[in-house]
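Read through the structure below, which is laid out as structure tokens, and then see the notes.
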Amino acid sequence: MTATTLNAVMNGGLGGGGGAVAQRTVLITGVSRGLGKALALELGKRGHSVIGCSRTQDKLDSLQLELSSGPSSSSSSSSSEKHLFMNVDVCSNSSVQELARVVMEKKGVPDIIVNNAGTINKNNRLWEVPEEEFNAVIDTNLKGIANMLRHFIPLMIEKKQGILVNMSSGWGRSAAAQVAPYCASKWAVEGLTKSVAKELPSGMAIVALNPGVINTEMLASCFGSSSSLYQPPESWAPKAADMILNLTMADNGASLSV
């Protein structure tokens, strides 16, 4: 039995919809679509406080409205106070610094941070991937996480607790043709996570999480129409939420899969 599973059993089991888990404040990057949006809605439905960021304001507004009308919200005003959404570019260190400032002012230190924001190159052999496209993948998938860790780990250290989840991929542990930039970024996420795990004090944990193969826009860019053969984010989110909410310091440095 893994530390995650043991903790889940102690908290009432993974199958219980998260009911036995105390209310948490969870910050999710890349929250406007795909896995980030599905996870935000699932956590909101369970009564947790969601802090979300992305670069698309209209989608953030839409998500805020969706959470406000959800079953866990008694009123839109209470929901707007419960959740916080900001237009942030994780590739920008100053943008993430401002996110940290506002989060501390309005919500305090998050219990859990899910570094989910990511992008992928168009299918192509490495030498045919334009420089700007390669840079965008590395800047978002790797530097974006580094920016988040730079500004939030010190806050968590001061609080002496915190869980950090870095979204990896099956392609962070294997390789495929035509997505070399993406594979490189996710392999780097795995290595970064294991290194930072050795730097964290007791009471904290950082893990690399492979979400599995999910039917998202990113998957469709690689697999085309066959992406529809895989589960949608809405089916994935309850399982991911169970796992993330039950992580403990015993999981520090682990490479996990949903």
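- For the atom pair CE of Met86 and CD of Gln57, the computed distance is 9.5 Å after rounding to the nearest 0.5 Å.
- Checking side-chain atoms of Asn123 against main-chain N and O of Cys222 turns up a donor-acceptor pair under 3.5 Å.
- Annotation for Gly170 and Asn210: closest pair N-OD1, 3.1 Å, computed over non-hydrogen atoms.
- Taken to the nearest 0.5 Å, the CE atom of Met204 stands 5.5 Å off from the CD1 atom of Ile157.
- You'll find the side chain of Ser49 reaches within 4.5 Å of the side chain of Lys107, heavy atoms only.
- You'll find the side chain of Ile113 reaches within 4.5 Å of the side chain of Met148, heavy atoms only.
- With contacts defined as side-chain heavy-atom distances shorter than 4.5 Å, the pair Val103/Pro110 qualifies.
- Met249 and Val26 fall into different hydrophobic clusters, where Ile, Leu, Val, Met, Phe, Trp and Tyr side chains are chained together by heavy-atom contacts under 4.5 Å.
- Under the side-chain contact (heavy atoms from CB on, under 4.5 Å) criterion, Ala237 pairs with Ala38, Glu42, sequence neighbours left out.
- When side chains are defined from C-beta on, Ile145 counts as touching Leu149, because their heavy atoms get closer than 4.5 Å.
- To the nearest 0.5 Å, the span separating CD1 on Ile28 from CG on Leu39 amounts to 4.0 Å.
- Judged as a side-chain contact (heavy atoms from CB on, under 4.5 Å), and not counting sequence neighbours, the contacts of Ala197 are Ile206, Asn252.
- Phe152 and Ala100 get closest at one heavy-atom pair: CZ-CA, 3.5 Å.
- Judged by distance alone, with hydrogens and angles left aside, the side-chain atoms of Arg125 form no donor-acceptor pair with the main-chain N or O of Ala177 at under 3.5 Å.
- In this structure, Asp251 contributes its side chain and Leu247 its backbone to no donor-acceptor pair below 3.5 Å.
- Remark: the backbone N or O of Val50 is paired with a side-chain donor or acceptor of His83 at under 3.5 angstrom.
- Side chain of Asn116 to backbone of Thr29: a donor-acceptor contact under 3.5 angstrom is found.
- A donor-acceptor contact closer than 3.5 angstrom links the side chains of Ser227 and Asn215.
- Checking Ile163, Val207, Leu256, Leu209 one by one against Ile244, the side chain to side chain contact (heavy atoms under 4.5 Å, CB included) holds for a single residue, Leu209.
- Closest approach of Glu217 to Arg33, counting heavy atoms only: OE1-NH1, 2.7 Å.
- Looking only at side-chain heavy atoms (C-beta outward), Leu67 and Lys45 stay at 4.5 Å or farther from each other.
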>> Evaluate Phe223 against Leu229 for side chain to side chain contact (heavy atoms under 4.5 Å, CB included), listing each step before the verdict.
In response: CA-CA 10 Å; Phe223 286 18; Leu229 299 173; over 6 Å; no
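- Shortest non-hydrogen contact noted between Ile138 and Ser185 is CD1-CB, 4.0 Å.
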> Taking it one step at a time, do Cys53 and Phe85 satisfy side chain to side chain contact (heavy atoms under 4.5 Å, CB included)?
Replying inline: CA-CA 6 Å; Cys53 66; Phe85 294 96; over 6 Å; no
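- Counting only residues at least two apart or in different chains, salt bridge (Lys or Arg N to Asp or Glu O under 4.0 Å) contacts with residues 133-148 comprise Asp139-Lys143.
- In this structure, the separation between CG on Leu63 and CG on Asp58 is 11.5 Å, given to the nearest 0.5 Å.
- With a 4.5 Å cut-off on side-chain heavy atoms, Leu60 and Val31 count as touching.
- A donor-acceptor pair is defined here as one N or O able to donate and one able to accept, closer than 3.5 Å; such a pair exists between the side chain of Trp236 and the backbone of Pro211.
- Cluster membership for Val137 and Leu126, using ILVMFWY side-chain heavy atoms within less than 4.5 angstrom, is not shared.
- For the pair Thr248 (side chain) and Ala250 (backbone), a donor-acceptor distance under 3.5 Å is present.
- Val196 has its side chain within reach of Glu199: a pair of non-hydrogen atoms, C-beta onward, lies under 4.5 Å apart.
- For the pair Val96 and His151, the minimum side-chain heavy-atom distance is below 4.5 Å.
- Of all the heavy atoms in Val109 and Met156, the pair that sits closest is CG1-CG, 3.8 Å.
- Transitive grouping of hydrophobic side chains (ILVMFWY, heavy atoms separated by less than 4.5 Å) keeps Trp171 and Trp187 in distinct clusters.
- Between the side chain of Thr216 and the backbone N or O of Gly34 there is no donor-acceptor pair closer than 3.5 Å.
- A donor-acceptor contact under 3.5 angstrom links the side chains of Arg150 and Asn93, judged on distance only.
- The 12-atom threshold is exceeded at CZ of Arg173, counting heavy atoms of other residues, nucleotides or ligands nearer than 6.0 Å.
- Looking at Ser228, its side chain does come within 3.5 Å of a backbone N or O of Ser225 through a donor-acceptor pair.
- Contact check on Glu190 versus Lys194 returns no salt bridge, with no Lys/Arg side-chain nitrogen under 4.0 Å from an Asp/Glu carboxylate oxygen.
- A donor-acceptor pair is defined here as one N or O able to donate and one able to accept, closer than 3.5 Å; no such pair exists between the side chain of Ser195 and the backbone of Leu192.
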>> Quick one, Lys59 with Asn87, criterion side chain to side chain contact (heavy atoms under 4.5 Å, CB included). Give me CA distance, side-chain angles, the key distance, then yes/no.
In response: CA-CA 10 Å; Lys59 291 185 177 181; Asn87 191 317; over 6 Å; no
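- For the atom pair Ile120 CD1 and Ser221 OG, the distance stands at 5.0 Å (nearest 0.5 Å).
- Residues Gln231 and Lys239 have side chains that bring a donor and an acceptor to within less than 3.5 angstrom of each other.
- For the atom pair Arg46 CZ and Gln23 CD, the distance stands at 13.5 Å (nearest 0.5 Å).
- At most 12 non-hydrogen atoms from other residues, nucleotides or ligands lie less than 6.0 angstrom from CD of Glu158.
- Atom NZ of Lys106 has 12 or fewer heavy atoms from other residues, nucleotides or ligands within 6.0 Å.
- The one candidate from Thr25, Ile112, Val114, Leu245 that meets the side chain to side chain contact (heavy atoms under 4.5 Å, CB included) condition with Leu43 is Leu245.
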> Given Thr193 and Asn166, is the side-chain hydrogen bond (donor to acceptor under 3.5 Å, both in side chains) satisfied, shown in steps?
Replying inline: CA-CA 7 Å; Thr193 301; Asn166 296 333; 2.9 Å; yes
